[in-house]
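Here the structure comes first, spelled out in structure tokens, and everything after it is commentary.
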Amino acid sequence: MTSFMFDRFGKHPLTKHQISVPTPKPGEVLVEIKAAAVNPVDIKKRNGDLRFLLPEKHPAPTGHDFAGIITAVGSAVTDFKVGQRVFGKLDDWHIGSFADFICVRTKYIAEIPTDWSFEQAAALPLVGLTSYQALHDYLQLKPGQSVLIPGGSGGIGSIAIPLAKALGARVTTTASPKNFTRLRALGAEVVLDYHDDQALSKQPQFDAVFDTRGGQDLIASFDLVKANGRIVSLNAMPDPQFVADQGEYFHLNAFKRVILKLASAKVDRLAQKHHVWYRFMLVKSSGQQLQTLTELMQAHQIQMPIDRTFTFADTQAALDHVEAGHAQGKVVINH
Ligand SMILES: NC(=O)c1ccc[n+]([C@@H]2O[C@H](COP(=O)([O-])OP(=O)(O)OC[C@H]3O[C@@H](n4cnc5c(N)ncnc54)[C@H](OP(=O)(O)O)[C@@H]3O)[C@@H](O)[C@H]2O)c1
């Protein structure tokens with residue numbers, strides 16, 4: 001089978017590898033991939049940006065999201081069977097959905113709703129789970145609360161906006177004017193031009209911020225949120241609570257823990273100064289949560305917007321499109 005991989009760190013294209021179809025281990029199923037989605041994390045992995053948390057050997061497979069058909073099951077699998085249409089986000093240590101087949105533990109997959117295409121299903125897992133975990137688990141949004149979701153037009157924003165609305169929150173987002181109409185249709189009450197530095201400071205303070213940008217945008221968020229409000233960031237250094245909770249999962253030794261403590265100190269001090277609850281998060285794979293999310297989307301008639309589709313042979317072009325940074329929704333690879 002074909003698997004697209006990175007042969008070394010840096011701005012080098014994917015290379016095509018011919019490898020054997022894997023055999024499912026106990027608790028795993030083998031999935032013939034029909035569609036996969038690209039995420040900015042695939043570019044970050046290529047660059048080596050995540051190697052502090054997730055060291056890897058080359059050639060390194062990539063691709064986190066997939067949708068396909070189960071073609072074999074390992075021993076002890078009772079919850080899924082051959083022929084089922086399933087989708088999911090692969091776990092951090094076993095990625096590689098830019099391939100013809102993948103073995104995955106059943107706890108990370110869910111059945112695709114009968115009226116969803118493989119393309120629709122593949123677009124959802126990583127951004128959908130991230131948004132659900134951020135809004136529901138970390139920010140614990142309540143009906144009537146206000147939330148700022150910067151970067152509304154990308155993969156995350158396009159699902160986070162309707163999800164936040166489905167949870168009863170009032171959404172403010174930022175985007176380029178060309179995307180304003182689309183984001184209002186997704187459920188944003190206020191849409192501001194991200195090129196205007198002053199636009200957000202003129203808004204009333206928010207109950208919560210779902211920071212998708214990091215850097216100065218994250219720093220500025222502490223002035224935009226109410227005292228006792230909440231901020232969760234996708235693009236920051238792991239904070240001490242993250243390290244305490246997930247240090248073992250990421251095999252963080254004492255040296256790495258000290259480095260992370262120093263690196264996150266500035267933001268942690270800001271959180272204390274502003275009396276704001278703050279966390280960095282990394283999305284977790286979960287078939288059960290994907291099922292809950294799918295049901296929520298169906299109940300509220302939410303769809304994952306797809307920006308462009310590419311063929312499997314054009315996987316590198318799909319990555320280039322995401323790297324350009326202007327996707328309006330998700331970028332999907334079809335087999
Ligand atoms: N920690 C985690 O677990 C986790 C999980 C998922 C994603 N992430 C990270 O979250 C970030 C967002 O992911 P994504 O999938 O949404 O990315 P994406 O789809 O590539 O985002 C592209 C969008 O960002 C918009 N944009 C660019 N600069 C902006 C700015 N300064 N302000 C507001 N919008 C801007 C672009 O709009 P224009 O075309 O108008 O410029 C474009 O529509 C990425 O860095 C990703 O790696 C982290």
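Every heavy atom of this structure was used, including side-chain atoms; hydrogens, water molecules and symmetry mates were not. Note that ligands are numbered from 1 as they come in the structure, with each ligand's atoms numbered from 1 the same way. Predicted, not measured: the structure shown is a model, and the values here were computed from it.
- Geometrically, ligand 1 and Asn235 share a nitrogen or oxygen pair separated by less than 3.5 Å.
- Note: an N/O pair closer than 3.5 Å links Ser176 and ligand 1 by distance alone.
- The aromatic ring centres of Tyr108 and His94 sit 6.0 Å or more apart.
- Closest to atom 48 (C) of ligand 1 among all protein heavy atoms lies Leu234 CB, 3.5 Å.
- Here atom 43 (O) of ligand 1 lies nearest to Ala327 when heavy atoms of Gly152, Ser233, Ala327, Gly329 are compared.
- Taking the charged nitrogens against the carboxylate oxygens, Asp91 and Arg105 have no contact shorter than 4.0 Å, which rules out a salt bridge.
- Using a 4.0 Å cut-off between a side-chain N of Lys or Arg and a carboxylate O of Asp or Glu, Glu323 and Arg46 qualify as a salt bridge.
- A ring-centre distance under 6.0 Å is not found for Phe312 and Phe98.
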Should Asp207 and Lys226 be marked as a salt bridge (charged side-chain N to carboxylate O under 4.0 Å, His left out) after you check the CA-CA gap, both sets of side-chain angles, and the distance that decides it?
-> CA-CA 6 Å; Asp207 292 302; Lys226 295 174 186 170; 3.0 Å; yes

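- Considering backbone and side-chain N/O atoms, Leu282 never comes within less than 3.5 Å of an N/O atom of ligand 1.
- A salt bridge links Glu56 with Lys45: at least one charged nitrogen is closer than 4.0 Å to a carboxylate oxygen.
- The contact set between ligand 1 and Gly154, taken as ligand atoms under 4.0 Å from a residue heavy atom, comprises 16 (O), 19 (O), 21 (O), 22 (C), 23 (C), 43 (O).
- Between Tyr194 and ligand 1, at least one N/O pair is under 3.5 Å apart.
- With Pro150, Ser153, Gly215 as candidates, the residue nearest to atom 37 (O) of ligand 1 on a non-hydrogen basis is Ser153.
- At the top of the distance list for atom 19 (O) of ligand 1, counting protein heavy atoms only, stands Gly155 N, 2.8 Å.
- The side-chain heavy atoms of His17 and Pro59, taken from C-beta on, include a pair separated by under 4.5 Å.
- The nearest non-hydrogen atom to atom 3 (O) of ligand 1, considering only Val283, Asp307, Leu126, comes from Val283.
- Listed by number with element, the atoms of ligand 1 under 4.0 Å from a non-hydrogen atom of Thr212 are 10 (O), 11 (C), 12 (C).
- Nearest protein neighbour of atom 20 (O) of ligand 1, counting heavy atoms only, is Pro40 CG, 3.7 Å.
- At a 4.0 Å cut-off, not a single heavy atom of Ala175 sits close enough to ligand 1 to count as contact.
- Atom 24 (O) of ligand 1 has its nearest heavy-atom neighbour, among Lys178, Arg213, Lys330, His326, in Arg213.
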Take Val232 and Phe280, measure what side chain to side chain contact (heavy atoms under 4.5 Å, CB included) needs, and give me the verdict at the end.
-> CA-CA 6 Å; Val232 65; Phe280 163 73; over 6 Å; no

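- Among Met281, Lys44, Gln216, the residue whose heavy atom sits closest to atom 2 (C) of ligand 1 is Met281.
- Scanning the protein heavy atoms around atom 22 (C) of ligand 1, the nearest turns out to be Gly325 O, 3.5 Å.
- Atoms of ligand 1 lying under 4.0 Å from at least one heavy atom of Thr174, given by number and element, are 33 (C).
- Note: Phe87 and Trp116 have perpendicular aromatic rings, judged against thresholds of 30 and 60 degrees for the angle between ring planes.
- Evaluated for a side-chain hydrogen bond (donor to acceptor under 3.5 Å, both in side chains) with Lys284, the options Gln246, Gln289, Gln133 yield exactly one hit, Gln246.
- Those atoms of ligand 1 with a heavy atom of Gly151 less than 4.0 angstrom away are 33 (C), 34 (N).
- Defined by atom type and a distance below 3.5 Å, a donor-acceptor pair is present between the side-chain atoms of Asp65 and Asn39.
- For a threshold of 3.5 Å applied to N or O pairs, the pair formed by Ile156 and ligand 1 contains at least one separation below that value.
- Residues Phe206 and Arg170 are not in side-chain contact: their nearest non-hydrogen atoms beyond the backbone lie 4.5 Å or more apart.
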